[in-house]
Amino acid sequence: MPFNAVIHDVIYDYIPYSKDIEAQIMDTWVLQRLRYLYQLQLTHLVYPSATHTRFSHSIGVMHVAHKFMNNLLSRLDTLRNKVPYEEVRVFYNKPREVLAAARIAGLLHDIGHGPFSHSFDRYVYSKKDYLGYRIGNHEILGYLIYRDYLRKHIIGVLRSSGTGIDPDTVIELLDRVMKPPEGAIKGTDLLSMGVLSKDDFYLKEAPSTDPLDQAGRIVRMVVRDFLYPADILDYLIRDSYYTKAPIGMINVDWLILQTYLVSHKGLLIPAISDKGLDDLIRLLNARKFMYKNVYLHPVNLAFDELIGTVFECDEIKSMITETIDKMIREGEYDLYATLTDHTIYGLILKWSNLSMDKLHHYCGERAKDVLDTIRGILHYRKMPWKKIVRYYFSKKGVSLFLSKKYGDKMIDLLLTGIIENVRNSLGLDVDKDKIKIKITKITAYPTAAKEITEYIYIARTRGETPIDFRIESIDSFVKKRGIEDEILVTVYLWRELYNSLSDEQLKKILSLIEEEIKEITGLRERIIPETS
């Protein structure tokens, strides 16, 4: 692809791009809207410099996806005489189209995010009682925006670019990359509404050896559904830079250079060489570190819950549901440009100094909760909840807390036990709504890693050529290297209650909480309290 412009970027210094193709996609409301979505939602309230956006991240993913895909294409000769020509025909005959698809997919991978990104998934898209139906998540909405709105524009851009790039091939590949994963089917009601069909999902049950399917699968893995795709390679480095979280060196270029295409049972798969394994392990550990210390920071979790309260405000809920409904039912996707972090901030800034009576006009019965939330976010940077302790567990013993069927019951059981112990030992009459327990999970690897294959392919090389490879399940791979899922149990007290306690009372409560957690889980190891 001919590059004729550059973007100055804090991570990569300079990102080359095409004014004839990529600028024409960037300069649409779909991409420009991402300038007004913070990459890390409310994390800037914990890490003040974390104000980077999904726009800059998307450009970074475009850049990394290009480097990744270009590396794989440059080594096609390593497959010569090992796979039938037909299997790699698209790579040999249409390398520019493959690169263009990888770059554009990198740009588009986050276009479905709503205000406050993953929080919007949690409180709006995945809840039937919010919109009246479940969209599922941002990946599904992003696909609809691509399918029904942006796809036609991209075809026109490619046809008029004068680059000679074949629009049909690029679109065929993008169609395969932009589809939401098969696992998202259970979480959406859009199939029963006739908005989506099963064909709109990327199905992994019968991988195809069709040349376009082969190429589309590799592009998809490079951008999103892989153990170390461009998406993760960019966001770990970018997020750690803006938060100053010390994750150490992630050698993106080395990981890319140590990745080769291999053929297994007629399917092309990226394989990492033995020489790249240490850096892959370092990346997976860095990802866990970022989840513990940034994405699932206890204050960050509490602020996330507060923004869920704001979404329930009558005025905001009405605006969101009306906008999304017109998009889904009437195809008015350009309305999405009006839903950003800035939209919500603008409203709550306007409301922050209103009296309770006036705010009641906008938020109904939730007015007091919303006002407390607004002032906590905008005025004091304090939430009504104070984290008092956090514990880390391996998955064993606490997996029921994450169960959809039993999770709430387990938390309620734990809360009941804590409150009874506090009453009996301290004589404090503490209401159940004054203690909050949040259970969160850090996976050993990104869940998208297994969307296409559940295995990692590890190549032995001679020079720059893979001579053979071994296959290992991803679960086995991470377990052998000591990278495991972790469950975080975070306990909060209502701030007014916390402020009323003496040091001795707080110490006793912490001791009682620890005893109750040990009792209910049966675990007494790896309990690491944090009292700061």
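Since we're looking at a predicted model, the values are computed, not measured.
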Report the C-alpha distance between Thr453 and Met221 in whole Å, list the side-chain angles of each, state the deciding distance to 0.1 Å, and finish with yes or no for side-chain contact (heavy atoms from CB on, under 4.5 Å). CA-CA 10 Å; Thr453 176; Met221 294 179 81; 4.0 Å; yes
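- Not a single donor-acceptor pair under 3.5 Å links the side chain of Asp9 to the backbone N or O of Ile15.
- Ring geometry for Phe68 versus Tyr228: interplanar angle under 30°, hence parallel rather than tilted (30 to 60°).
- Annotation for Leu227 and Leu283: closest pair O-CD2, 4.4 Å, computed over non-hydrogen atoms.
- Sequence neighbours left out, not one pair with a member in residues 307-317 passes side-chain hydrogen bond (donor to acceptor under 3.5 Å, both in side chains).
- A cation-pi arrangement is absent between Lys179 and Tyr202, since the terminal nitrogen or guanidinium carbon is not both under 6.0 Å from the aromatic centre and inside a 45° cone about the axis.
- Counting only heavy atoms from C-beta outward, the side chains of Lys387 and Val491 never approach each other to under 4.5 Å.
- Side-chain contact annotation: Tyr47 with Asn300, donor-acceptor N/O pair under 3.5 Å absent.
- Judged by distance alone, the side chain of Arg33 and the main-chain N or O of Leu339 form a donor-acceptor pair under 3.5 Å.
- Just one of Ile307, Leu301, Leu306 meets the side-chain contact (heavy atoms from CB on, under 4.5 Å) condition when paired with Phe303; it is Leu306.
- The disulfide bond (SG atoms under 2.5 Å apart) contacts involving residues 300-337 comprise Cys313-Cys363, where partners must be two or more places apart or lie in separate chains.
- Between the Glu22 side chain and the Ser18 main chain, a donor and an acceptor come within less than 3.5 Å of each other.
- Residues passing the side-chain hydrogen bond (donor to acceptor under 3.5 Å, both in side chains) test with Glu97, sequence neighbours excluded: none.
- Between Tyr38 and His52, the ring center distance fails the sub-6.0 Å criterion.
- Within the 3.5 Å criterion, the main-chain N or O of Asp121 finds a donor-acceptor partner in the side chain of Ser126.
- The aromatic rings of His342 and Tyr36 lie perpendicular to each other, with more than 60° between the two planes, well past the 30° mark.
- Using modelled atom types, one finds a donor on one side chain and an acceptor on the other under 3.5 Å when comparing Trp29 with Tyr149.
- Residues Tyr295 and Asp239 bring a donor and an acceptor atom of their side chains to less than 3.5 Å of each other.
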**OP:** Kindly determine whether His138 and Tyr125 satisfy ring pair (Phe, Tyr, Trp, His ring centres under 6.0 Å), including the steps that lead there.
**Re:** CA-CA 7 Å; His138 68 278; Tyr125 288 150; 8.2 Å; no
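- At distances below 3.5 Å, at least one donor-acceptor pair connects side-chain atoms of Asn71 with backbone N or O atoms of Thr259.
- Using a 3.5 Å distance cut-off with no hydrogens or angles, the side chains of Arg54 and Ser117 do pair a donor with an acceptor.
- Side chain to side chain, Arg287 and Thr443 meet the donor-acceptor criterion of an N or O pair below 3.5 Å.
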* **Worked check of side-chain contact (heavy atoms from CB on, under 4.5 Å) between Leu108 and Tyr146** => CA-CA 8 Å; Leu108 303 186; Tyr146 164 76; 4.1 Å; yes
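- For the pair Lys244 and Tyr241, the distance from NZ or CZ to the six-membered ring centre is under 6.0 Å and the angle to the ring normal is within 45 degrees.
- Aromatic rings of Tyr130 and Tyr123 (six-membered ring for Trp) have centroids beyond the 6.0 Å cut-off, not under it.
- Side chains of His57 and Asp231: a donor on one and an acceptor on the other come within 3.5 Å.
- Between Ile237 and Ser240 the shortest heavy-atom distance is O-OG, 3.0 Å.
- The backbone N or O of Arg217 lies less than 3.5 Å from no partner atom in the side chain of Arg176, so there is not a single donor-acceptor pair.
- Checking Tyr445 against Asp475 by side-chain atom types alone, a donor-acceptor pair falls below 3.5 Å.
- With a 6.0 Å radius and a threshold of 12 heavy atoms from other residues, nucleotides or ligands, Lys434 has its NZ atom above the threshold.
- A distance-only check finds no donor-acceptor pair linking the side chain of Arg147 to the backbone of Asp200 [under 3.5 Å].
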**OP:** Evaluate the side-chain contact (heavy atoms from CB on, under 4.5 Å) criterion for residues Tyr492 and Ile435: first the C-alpha distance (whole Å), next the side-chain angles of each, then the deciding distance (0.1 Å), finally the verdict.
**Re:** CA-CA 6 Å; Tyr492 300 85; Ile435 302 178; over 6 Å; no
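- Using modelled atom types, one side-chain atom of Gln24 and one backbone atom of Lys19 make a donor-acceptor pair closer than 3.5 Å.
- Side chain of Asp189 to backbone of Arg134: a donor-acceptor contact under 3.5 angstrom is found.
- Looking only at atom types and distance, the side chain of Arg35 has no donor-acceptor partner in the side chain of Thr53 under 3.5 Å away.
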Check your understanding: Is there a side-chain contact (heavy atoms from CB on, under 4.5 Å) between Asp341 and Phe116 once you walk through the steps?
Key -> CA-CA 6 Å; Asp341 293 2; Phe116 301 97; 4.0 Å; yes
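- The backbone N or O of Ala184 sits nowhere less than 3.5 Å from a side-chain atom of Thr188 that would complete a donor-acceptor pair.
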